[in-house]
Q: 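Would you mind keeping the following structure in view while I ask a few things?
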Amino acid sequence: MSKPDVTPPSHFIRQIIRKDLDAGKNSGRVATRFPPEPNGYLHVGHAKSICLNFTLAQEFGGTCNLRFDDTNPEKESQEYIDAIQRDVKWLGFDWNGAVRYASDYFDALYNYAVDLIKQDKAYVDELTADQIREYRGTLKEPGKDSPFRCRSVEENLARFEDMRSGKLEEGKAVLRVKIDMASPNINMRDPVIYRIKKAHHHQTGDKWCIYPMYDYTHCISDALEEITHSICTLEFEDHRPLYDWVLDQLDVPCHPQQIEFARLNLNYTVTSKRKLKLLVDEKYVTGWDDPRMPTIAGMRRRGFTPESIRTFCEMIGVTKSDGVVDVGMLEFALRDDLDKRAPRAMCVLNPLKVTITNWEAGKQQMLTIPSHPKDESLGVREIPFTRELYIDQTDFMENPPKDFKRLVPGEEVRLRGAYVIRCDEVIKDANGNVIELKCSHDENTLGKNPEGRKVKGVIHWVPAQESVPVQVRLYDRLFNNESPDSGDKNFLDFINPNALVVVDNARAEPSLAKATSTIAFQFEREGYFVKDDADSTGGKLVFNRTITLRDTWGKG
Ligand code: ATP
Ligand code: MG
């Protein structure tokens with residue numbers, strides 16, 4: 001695809017903040033937060049929110065907190081808490097002070113709830129969950145008051161204490177705020193703010209058997225942390241009146257401003273934690289960090305750089321209307337970044353033996369090849385040239401089409417960084433498969449063109465004995481449908497069976513034996529590849545393909 005504009009647009013949230021600063025709001029402070037629920041790994045959609053919150057804070061000399069929004073203990077875990085912190089850091093951001101947890105505020109949230117009851121703005125409802133739903137009404141019909149709505153403050157305090165102390169069983173009672181059962185906004189029809197859950201919590205242990213609901217928790221947590229701009233995705237727009245209502249009733253340190261933006265939707269991708277968890281739980285992938293996953297952990301293992309993800313998040317901008325972004329843009333940002341920083345190396349995926357008949361057996365010539373065509377700071381690597389080499393099977397054709405510029409019988413081709421060779425003889429097995437080529441090299445062609453003739457093709461190669469055997473995993477898009485989970489489609493029906501092709505007998509140039517997983521290489525003519533640390537064990541060396549050199553999905 002053509003190069004998209006990468007200048008960061010001055011989006012509407014930046015403009016709001018600038019205006020607030022000009023008006024002297026919040027005493028010139030900017031404080032944002034990133035509030036993940038630790039119920040899964042972060043995905044590329046979260047990256048958009050992370051980049052937005054952290055870079056706005058940086059830009060305006062403010063702060064950004066990391067706060068775990070942990071009000072659903074049964075679905076949350078320490079594994080997710082650890083993974084999320086690792087991923088935010090890897091993306092290049094550092095939060096303000098200690099990691100925070102909504103559960104840090106459980107005492108305060110409880111006291112605020114008591115306060116609401118005392119103001120006669122909250123009540124304990126003992127209708128069943130089904131009845132509550134029924135009483136809530138619909139978009140067209142107003143709701144109706146629960147018979148428990150008019151309980152006295154004393155009775156509510158006593159029943160809330162029964163909830164807190166464990167006297168009441170799960171589902172037997174909830175605490176609701178008293179707003180308006182006829183509100184056109186269903187979120188304002190006396191939403192539940194506490195429910196009974198006899199669950200162990202990863203942070204607070206068994207201290208609580210009632211847990212606050214998200215909407216109630218979130219606004220108070222923001223206020224307690226003195227957040228100035230509480231940035232969230234569009235689906236919370238209808239919740240904003242509740243956010244503001246709760247804070248207006250309580251004596252809190254400040255009243256943050258909630259601002260909504262459009263979430264990132266990527267084509268060929270699923271970005272719902274629930275669906276990603278299903279892929280993991282049902283073993284469609286090997287884990288949250290499977291290189292096919294759109295998780296930050298998966299992308300890291302796949303060889304993405306944090307810079308490419310951050311650039312992508314800048315490219316897509318921040319708007320207020322939902323849209324779908326072409327995953328090609330993410331891949332563009334990745335290729336663009338890797339082209340600049342990836343050291344080059346040679347790896348032959350489908351080895352075909354080549355014997356240089358006019359090269360002495362046992363003779364080695366150490367060739368020094370720059371690691372990057374433009375960036376000298378990446379240094380050089382050494383590759384021994386020997387009598388026996390491997391080239392890729394696809395770089396030789398016995399009966400080539402006209403435009404084939406690689407090796408053919410009787411013709412010449414250049415070996416990258418080495419000599420021009422000519423194919424003199426084709427050796428086949430009993431089934432007629434080509435198993436070896438006998439070639440001769442022109443000794444006057446190292447680093448210079450042959451005299452009196454043009455050799456157009458350049459192919460990659462490795463020495464036969466000195467190269468290292470590697471397993472190469474060719475990854476591609478996880479879904480082969482543009483919108484795998486739109487409408488009533490089942491995303492599982494669109495898993496791309498070719499999203500992983502394992503090549504077992506590849507041979508890499510010797511320098512790759514010392515590769516690390518921190519930066520992808522460009523395997524010349526093949527794509528970008530990164531060492532897989534997790535599976536490179538016991539002498540086995542595994543490389544993941546980060547991305548092909550060119551977009552093969554583009555239309556036309
Ligand atoms: P999911 O719907 O996948 O479960 P979530 O929104 O429930 O995701 P949270 O952990 O609550 O996940 O998300 C933390 C923050 O990241 C929230 O502020 C949320 O709005 C934001 N976020 C989540 N998904 C996206 C997305 N696709 N694009 C932008 N921001 C997102
Ligand atoms: Mg959420």
Side-chain angles (χ1 to χ4, degrees), residues 11 13 32-57 64-77 79-85 87-88 91 93 95 99-103 213-215 217-219 221-222 225 227 229-240 243 256-281 288 293-299 309-310 312-325 327 329-330 483-486 491:
H11 55 73
I13 301 185
T32 60
R33 84 285 170 268
F34 173 64
E37 183 179 358
N39 61 352
Y41 279 55
L42 297 178
H43 53 62
V44 61
H46 293 112
K48 176 176 179 180
S49 176
I50 294 169
C51 289
L52 181 60
N53 280 292
F54 281 95
T55 52
L56 282 172
C64 181
N65 292 351
L66 173 64
R67 183 201 317 142
F68 288 106
D69 179 6
D70 55 348
T71 55
N72 279 312
E74 291 141 321
K75 293 192 170 161
E76 300 161 3
S77 76
E79 179 196 347
Y80 298 141
I81 290 174
D82 295 340
I84 289 169
Q85 295 184 51
D87 291 347
V88 172
L91 275 175
F93 300 109
W95 47 89
V99 171
R100 291 145 218 264
Y101 297 84
S103 55
M213 300 296 285
Y214 174 83
D215 280 332
T217 308
H218 197 72
C219 54
S221 305
D222 279 348
E225 291 179 11
I227 299 301
H229 299 85
S230 176
I231 301 167
C232 62
T233 35
L234 278 182
E235 66 271 22
F236 290 103
E237 197 165 16
D238 290 346
H239 297 236
R240 181 165 14 108
Y243 184 104
Q257 177 184 3
Q258 176 178 311
I259 307 170
E260 308 87 17
F261 71 99
R263 66 192 291 118
L264 168 64
N265 300 308
L266 263 188
N267 65 8
Y268 294 99
T269 309
V270 160
T271 48
S272 143
K273 273 191 278 191
R274 185 180 59 77
K275 289 174 188 161
L276 295 178
K277 185 167 189 304
L278 191 93
L279 291 172
V280 175
D281 290 345
W288 286 98
M293 290 282 272
T295 51
I296 309 286
M299 293 164 85
I309 298 174
R310 294 203 307 258
F312 167 71
C313 290
E314 265 176 33
M315 274 160 62
I316 58 177
V318 181
T319 67
K320 249 202 144 28
S321 54
D322 267 318
V324 179
V325 171
V327 71
M329 252 166 101
L330 175 63
S483 47
D485 59 349
S486 69
F491 69 106

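Just follow the structure's listing: the first ligand is 1, and inside any ligand the first atom is 1.
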Q: State which residues pass salt bridge (charged side-chain N to carboxylate O under 4.0 Å, His left out) with Lys75; sequence neighbours excluded, sorted by chain then number.
A: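 Lys75 satisfies salt bridge (charged side-chain N to carboxylate O under 4.0 Å, His left out) with no residue once adjacent residues are dropped.
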Q: Measure the distances from the heavy atoms of Phe34 to every atom of ligand 1 and state whether one is below 4.0 angstrom.
A: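 It does, in that a heavy atom of Phe34 comes within the 4.0 Å cut-off of ligand 1.
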Q: Give the atom numbers and elements of ligand 1 that come within less than 4.0 Å of a heavy atom of Thr271.
A: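 The list of qualifying atoms is 3 (O).
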Q: Heavy-atom contact under 4.0 Å between Glu37 and ligand 1?
A: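 Glu37: in contact with ligand 1 (<4.0 Å).
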Q: By number and element, which atoms of ligand 1 are closer than 4.0 Å to a non-hydrogen atom of Arg263?
A: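 That gives atoms 2 (O), 24 (N), 25 (C), 26 (C), 27 (N), 28 (N), 29 (C) of ligand 1.
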Q: Quick check on Lys277: does its NZ atom have over 12 non-hydrogen neighbours (other residues, nucleotides or ligands) under 6.0 Å away?
A: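 Atom NZ in Lys277 is not crowded, with 12 or fewer foreign heavy atoms closer than 6.0 Å.
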Q: Which option wins on minimum heavy-atom distance to atom 7 (O) of ligand 1: Lys273, His43, Arg67, Arg33?
A: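 When every heavy atom of Lys273, His43, Arg67, Arg33 is considered, Lys273 comes closest to atom 7 (O) of ligand 1.
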Q: Please indicate whether any nitrogen or oxygen in Glu235 is less than 3.5 Å from any nitrogen or oxygen in ligand 1.
A: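 No: no nitrogen or oxygen of Glu235 is under 3.5 Å from one in ligand 1.
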Q: Does either side chain, that of Tyr41 or that of Glu79, offer a donor lying less than 3.5 Å from an acceptor on the other one?
A: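 On atom types as modelled, these side chains qualify, holding a pair under 3.5 Å.
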Q: Please give me the minimum heavy-atom distance between His43 and Ile296, naming the atom from each residue.
A: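 Smallest heavy-atom distance, with atoms named: O-CD1, 3.8 Å.
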Q: Got Leu276 and Thr295 here, is their nearest side-chain heavy-atom distance under 4.5 Å?
A: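 They are in side-chain contact.
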Q: Restricting to salt bridge (charged side-chain N to carboxylate O under 4.0 Å, His left out), what partner residues turn up for Arg100, sequence neighbours left out?
A: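 Salt bridge (charged side-chain N to carboxylate O under 4.0 Å, His left out) check on Arg100 returns nothing, list empty.
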Q: Do any nitrogen or oxygen atoms of His46 lie less than 3.5 angstrom from nitrogen or oxygen atoms of ligand 1?
A: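 Yes, there is a polar N/O contact under 3.5 Å.
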Q: Name the orientation class of the two ring planes belonging to Tyr80 and Trp288 (parallel below 30°, tilted from 30 to 60°, perpendicular beyond 60°).
A: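 Geometry flag for Trp288 against Tyr80: perpendicular rings.
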Q: I need the atoms of ligand 1 closer than 4.0 Å to a non-hydrogen atom of Ser49, numbered in the order shown.
A: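 The list of qualifying atoms is 16 (O), 21 (C), 30 (N).
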Q: Return yes when Lys275 approaches ligand 1 closer than 4.0 angstrom through a heavy atom, no otherwise.
A: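 No, Lys275 has no heavy atom closer than 4.0 Å to ligand 1.
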Q: Hey, does the side chain of Asp70 reach the backbone of Ser103 with a donor-acceptor pair shorter than 3.5 angstrom?
A: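 Yes; judged by distance alone, with no hydrogens or angles, the pair exists.
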Q: How are the rings of His239 and Phe236 set to each other: parallel, tilted or perpendicular (split at 30° and 60°)?
A: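 Answer is perpendicular, since the angle exceeds 60°.
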Q: Look only at interatomic distance and state if Lys48 has a nitrogen or oxygen under 3.5 Å from any nitrogen or oxygen of ligand 1.
A: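 It does not: no N or O of Lys48 is found under 3.5 Å from an N or O of ligand 1.
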Q: For Ser272, counting its heavy atoms only, list the atoms of ligand 1 lying under 4.0 Å from any of them.
A: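 By the 4.0 Å cutoff, the relevant atoms are 3 (O).
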Q: Can a non-hydrogen atom of Asp69 be found less than 4.0 Å from any atom of ligand 1?
A: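 Checking ligand 1 against Asp69, which is what was asked, there is no heavy-atom contact under 4.0 Å.
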Q: Going by the atom numbers of ligand 1, which of them fall below 4.0 Å from some non-hydrogen atom of Thr233?
A: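 By the 4.0 Å cutoff, the relevant atoms are 19 (C), 20 (O), 29 (C), 30 (N), 31 (C).
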Q: Quick check: does Gly45 get an N/O under 3.5 Å from an N/O on ligand 1?
A: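 Between Gly45 and ligand 1, an N or O pair is found under 3.5 Å apart.
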